[in-house]
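Have a look at the structure below, then the notes.
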There are 2 protein chains.
Amino acid sequence: MTAEAKAATPATPPLTERQEARRRRILHASAQLASRGGFDAVQMREVAEAAGVALGTLYRYFPSKIHLLVATMQDQLQHLHGTLRKHPPSGAGSAERVAETLMRAFRALQREPHLADAMVRALTFADRSVSPEVDTVSRQTTAIILDAMGLEHPTPEQLSAVRVIEHTWHSALITWLSGRASIAQVKIDIETVCKLIDLTAPTKSQRP
Amino acid sequence: MTAEAKAATPATPPLTERQEARRRRILHASAQLASRGGFDAVQMREVAEAAGVALGTLYRYFPSKIHLLVATMQDQLQHLHGTLRKHPPSGAGSAERVAETLMRAFRALQREPHLADAMVRALTFADRSVSPEVDTVSRQTTAIILDAMGLEHPTPEQLSAVRVIEHTWHSALITWLSGRASIAQVKIDIETVCKLIDLTAPTKSQRP
DNA sequence: ATCAAGTCTGGAACTTGTTCTAGATTAGCG
DNA sequence: CGCTAATCTAGAACAAGTTCCAGACTTGAT
């Protein structure tokens with residue numbers, strides 16, 4: 001049940017090799033600039049120049065700065081998901097494994113706080129015109145969490161818990177990025193919300 | 001134990017009557033424009049004109065559009081808190097009362113979805129330069145939730161639960177505002193996260 | 001190879017948040 | 001009252017996201 005094609009190519013006509021290369025250069029430039037100075041440093045003119053592409057072309061590939069940064073996040077999440085697959089969390093219970101996974105993701109973000117800033121700010125600032133793309137990110141995140149829980153057929157209650165975990169994850173990241181919460185505080189928040197998993201576990205024991 | 005002075009006037013030198021009136025006109029114009037067309041409709045030139053104030057003056061009172069909208073939110077929250085004090089939630093348990101309170105707030109936002117959009121987007125987009133103001137909003141929200149719980153001396157675990165509830169509240173609002181979640185879904189998310197309250201109740205039994 | 005349609009480029013132009021300036025008003029004070 | 005500092009106004013100017021355009025270049029089909 002691999003799902004690489006649908007996430008990367010929702011419904012776009014196939015791109016030529018050169019177009020694929022352009023797209024990749026743009027995303028790379030975006031991530032590069034974001035790593036330097038965060039959301040503000042990703043300036044469309046600079047992205048275009050760094051990617052060796054005209055401004056109009058950049059806008060043909062990504063119709064707004066928000067679209068661009070959300071696509072960048074899709075890209076990074078794909079990486080992360082791959083990495084996590086290779087090194088699954090080691091905890092005994094579902095809650096522990098999810099918390100461990102999210103903390104691992106959090107540490108990855110801490111290594112590139114500016115990039116995290118750009119991506120998360122874009123994600124939460126996105127309006128309706130970016131809904132499909134943001135939804136893709138949400139599905140990727142859900143998949144990562146469900147993977148960590150080791151569930152094939154989650155109950156509706158468990159899916160609700162996962163939704164709340166995602167809410168907490170995004171919002172906690174924002175408070176951290178804006179300097180209103182410490183790393184330790186984010187850890188506590190994640191561990192707190194993960195308790196919901198045990199609370200919603202079906203009467204059976206949850207062991208993969 | 002009324003606390004009106006500290007929330008409205010953190011550390012600013014006292015304003016003259018005319019200045020207070022200007023500030024109020026600005027906030028009113030901001031809310032008005034936001035109610036019409038949301039975040040994008042709050043344009044600084046238009047706010048200034050509607051408030052009968054020069055652009056430079058607007059920026060003297062609120063150093064950025066984000067500051068302005070966050071201040072607008074403080075204003076609205078103050079209203080809400082007052083209303084809620086007069087009509088406290090009726091549920092039996094803490095979790096029920098908090099969920100009831102948040103749903104009531106949610107219904108208030110649904111009546112002015114554009115205003116909600118402007119305020120919430122500003123809140124989550126705010127960077128470090130707005131941290132103090134955003135923090136004030138966060139404290140107001142915490143106070144509302146603690147009021148609903150009816151707690152004088154919450155335990156650290158309960159405060160963690162409240163933090164997670166706030167995270168979920170903000171993030172759920174965003175998904176609703178961007179059209180990625182229905183009203184029903186937001187309700188479920190709120191009810192789900194409120195279960196954390198019972199989970200963290202001190203030494204009492206928790207039966208939902 | 002050639003034509004048509006689509007794409008890319010360089011650059012100007014427009015929008016809206018933000019900053020700056022010079023001059024008028026106001027507030028507080030002796 | 002008359003002075004001084006702070007504040008306010010009108011408007012220009014600047015910055016970055018976005019749109020638009022004319023001309024050059026691919027690409028795909030005949």
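Letters A, B, ... mirror the listed sequences (proteins, then strands); counts begin at 1. This structure is a prediction, so every number in the text was calculated from the model and none was measured.
Side-chain nitrogen and oxygen atoms of A:Gln19 include at least one within less than 4.0 Å of the OP1 or OP2 phosphate oxygen of C:dC8.
Residue B:Cys194 comes nearest to B:Ala95 through the heavy atom pair O-CB, 3.4 Å, listed as atom of the first residue, atom of the second, then distance. Looking at every heavy atom in both residues, A:Glu96 comes nearest to A:Gly91 through CB-CA, 4.3 Å. Here the shortest heavy-atom pairing between B:Phe125 and A:Arg121 reads O-NE, 3.1 Å.
As judged by a 4.0 angstrom heavy-atom cut-off over every strand, A:Tyr61 is placed among residues touching the sugar-phosphate backbone only.
If you find the closest nucleotide of DNA chain C to B:Ile66 and to B:Arg22, the one lying nearer the 5' end belongs to B:Ile66.
The pair A:Lys195-A:Glu191 does not count as a salt bridge, with every side-chain nitrogen at least 4.0 angstrom from each carboxylate oxygen. At a threshold of 4.0 Å, the pair A:Asp117-B:Arg128 does not count as salt-bridged, since none of the basic side-chain nitrogens sits closer than that to a carboxylate oxygen. In summary, A:Arg104 and A:Glu100 engage in a salt bridge, as defined by a charged side-chain N under 4.0 Å from a carboxylate O. Note on A:Lys65 versus A:Asp40: no salt bridge recorded, every NZ/NE/NH1/NH2 to OD/OE distance being 4.0 Å or above. Ion pairing of A:Arg45 with A:Glu49 is absent here, as no side-chain N (NZ or NE/NH1/NH2) approaches a carboxylate O to less than 4.0 Å.
Look at CG on B:Leu33: it is 15 Å from C1' on C:dG17, rounded to the nearest Å. Distance, B:Phe62 CZ to C:dT19 P: 16 Å, rounded to whole Å.
Defining each end axis of the helix from C:dA1-D:dT30 to C:dG30-D:dC1 as the rotation carrying four pairs' C1' atoms onto the next four, with five pairs an end, the two axes are found to diverge by 10° to 10 degrees.
The outermost nucleotides of DNA chain D lying under 4.0 Å from heavy atoms of chain B, listed 5' to 3', are D:dT7 to D:dA13.
The stretch residues 34-60 of chain A comes close to DNA chain C through A:Arg45, A:Gly52, A:Val53, A:Ala54, A:Thr57, A:Arg60, each having a heavy atom under 4.0 Å from the strand.
No donor-acceptor distance shorter than 3.5 angstrom exists from the side chain of A:Ser30 to the backbone of A:Ile26, with no hydrogens or angles considered.
Counting heavy atoms of neighbouring residues, nucleotides and ligands inside a 6.0 Å radius, atom NE2 of A:His28 does not exceed 12 of them.
When side chains are defined from C-beta on, A:Leu196 does not count as touching A:Val162, because their heavy atoms never get closer than 4.5 Å.
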